[in-house]
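Data block below; observations after.
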2 protein chains.
Amino acid sequence: MQALEDDLSPRARRYARTQQAILDAARAIIHEQGADKLSMRAIADRIDYSPAGLYEYFGSKEEIIAAVCRQGHRLLRQTMLTVPPDLPPVEYLTEIGLAYIRFALSNPDYFLLMFTQTSAPALEPGAGFVEHEMMDADSSFPLLLQGVQRAREAGLIQPRAELSVMEAAYSLWAIVHGIAMLRITYLREMPMDFARADRAALEAIARGMAP
Amino acid sequence: MQALEDDLSPRARRYARTQQAILDAARAIIHEQGADKLSMRAIADRIDYSPAGLYEYFGSKEEIIAAVCRQGHRLLRQTMLTVPPDLPPVEYLTEIGLAYIRFALSNPDYFLLMFTQTSAPALEPGAGFVEHEMMDADSSFPLLLQGVQRAREAGLIQPRAELSVMEAAYSLWAIVHGIAMLRITYLREMPMDFARADRAALEAIARGMAP
DNA sequence: TCATTTACCAAACAATGTTCGGATTGTAGC
DNA sequence: GCTACAATCCGAACATTGTTTGGTAAATGA
């Protein structure tokens with residue numbers, strides 16, 4: 001991990017390390033006490049700083065949260081990357097979908113924070129969809145897109161006039177995201193065989209995209 | 001609306017009306033300024049009360065929010081009820097799904113608040129799923145359930161061993177909820193033909209449940 | 001060695017949810 | 001109508017929040 005801190009001056013390295021310590025503390029507080037207990041003072045206490053000292057590293061609490069969310073998206077992507085890519089295409093899609101849901105269930109507050117931010121960076125007017133955060137290398141969506149592409153090449157998914165590859169991936173994302181969201185919020189206390197229901201949902205959407 | 005205020009004493013009627021005024025003010029603030037601008041003082045100002053006075057009607061800000069959310073779920077259900085029930089079953093399902101999404105897009109802060117509450121009333125241990133909030137008369141889920149049931153009776157949806165009526169409705173809810181959530185949060189700035197993509201998603205899931 | 005930038009903090013500020021004590025108002029019983 | 005009691009309602013305060021300010025100490029570069 002030290003290796004990543006490139007050819008920076010000692011000062012810049014310390015700065016980056018403290019910045020990361022702030023983010024780690026924030027993440028730990030969110031995980032241990034929930035997002036509503038995340039305060040500048042709590043972060044400062046945990047890393048032996050004063051609240052005011054944090055403003056040397058981040059402009060505001062919002063910026064800290066935004067940075068935590070970026071790391072969260074990277075982490076989510078990495079979780080999905082643990083699924084063996086040599087699985088049969090449809091099974092692969094199912095598994096990365098389930099991994100997405102599992103991530104949300106293991107880190108409900110974190111996940112909720114990541115997908116509740118309404119203050120996104122506004123895209124410049126003329127930008128295409130590739131410019132969007134969704135298509136970043138850190139995002140998890142490209143994995144879905146690539147999975148759908150592979151399934152299509154294997155002939156297991158039929159791209160029709162009414163369902164492009166992009167739209168197929170969007171549908172998959174939506175159903176998986178909807179399940180994750182509902183299960184960590186509205187359906188948290190619902191007694192139900194979710195393992196079964198989730199698989200059924202994924203099978204249904206897969207069948208709907210089959211030739 | 002006066003008719004609903006039953007056979008209560010004048011005092012109880014005033015009480016109920018003030019309670020409703022508080023909820024209306026809260027809803028208006030959420031709609032006009034966003035959920036983060038919702039404060040006890042803002043509510044009090046709007047209805048000419050002092051902040052302390054509100055505590056005669058609600059125990060806390062959380063209770064106010066919970067009540068606002070309950071009304072939100074009723075409103076969402078009513079929005080979905082405007083879809084003509086005599087449409088062909090599959091088309092009916094598509095339309096109430098689109099109504100769900102439309103509600104979220106027209107009231108993003110409201111919708112987000114409704115489905116972000118993680119402090120739900122814990123279900124008593126021995127309770128079945130019918131006891132859950134999801135199955136309330138105010139909830140929108142029963143509409144989906146009933147729609148799926150009708151489609152099944154018309155032979156347009158095949159209930160299989162791996163996909164009960166309940167699970168089919170759950171799948172539909174998930175995809176619609178996922179679309180709604182993504183579009184008002186992560187994908188807010190995404191330039192994309194959502195009208196097309198949403199229909200494609202709903203068609204795909206419908207095809208996946210067809211015989 | 002000295003001047004400047006960096007790192008850091010104590011103290012204060014404004015805004016928040018909530019509580020407390022008392023004042024005012026409405027109601028029920030006589 | 002009068003009185004006692006309960007219901008409303010509010011000013012003032014408290015604790016907790018994010019953030020700013022002014023200044024001190026340390027590190028850096030000349």
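In what follows, chains carry the letters A, B, and so on, assigned in the order in which the sequence lines appear, proteins first and then strands, with residues in each chain numbered from 1.
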request  = Run the salt-bridge test on B/Glu133 and A/Arg188 with the 4.0 Å N-O cut-off and return the result as yes or no.
outcome  = no

Distance in Å, B/Leu38 CG paired with B/Gln33 CD, rounded so as to fall on 0.5 Å steps = 9.0 Å

query = Would you call A/Arg199 and A/Glu95 a salt bridge, taking side-chain N to carboxylate O under 4.0 Å as the test?
reply = yes

ask   = Do any pairs count as a side-chain hydrogen bond (donor to acceptor under 3.5 Å, both in side chains) and have a residue in residues 134-147 of chain A, sequence neighbours left out, and if so which ones?
value = A/Arg74-A/Asp138

request  = Let me know the distance between CD1 of B/Ile47 and C1' of D/dT8, rounded to the nearest Å.
outcome  = 13 Å

remark   = By side chain to side chain contact (heavy atoms under 4.5 Å, CB included), A/Ser106 pairs with (sequence neighbours left out) none

Start and end of chain A contact along DNA chain C [non-hydrogen atoms, under 4.0 Å] = C/dT6 to C/dA12

ask   = Just checking A/Asp48: base, sugar-phosphate only, or nothing, at a heavy-atom cut-off of under 4.0 Å?
value = sugar-phosphate

note = Protein heavy-atom contacts under 4.0 Å, written 5' to 3' over nucleotides 17-23 of chain D as B (base), S (sugar-phosphate only) or - (none), form the string BBBBB--

query = Can you check whether A/Gly128's main-chain N or O pairs, donor with acceptor, with A/Glu131's side chain at less than 3.5 Å?
reply = yes

query = With A/Arg27, which residues qualify under side-chain hydrogen bond (donor to acceptor under 3.5 Å, both in side chains), at least two apart?
reply = A/Asp24

query = Which residues pass the ring pair (Phe, Tyr, Trp, His ring centres under 6.0 Å) test with B/Tyr55, sequence neighbours left out?
reply = none

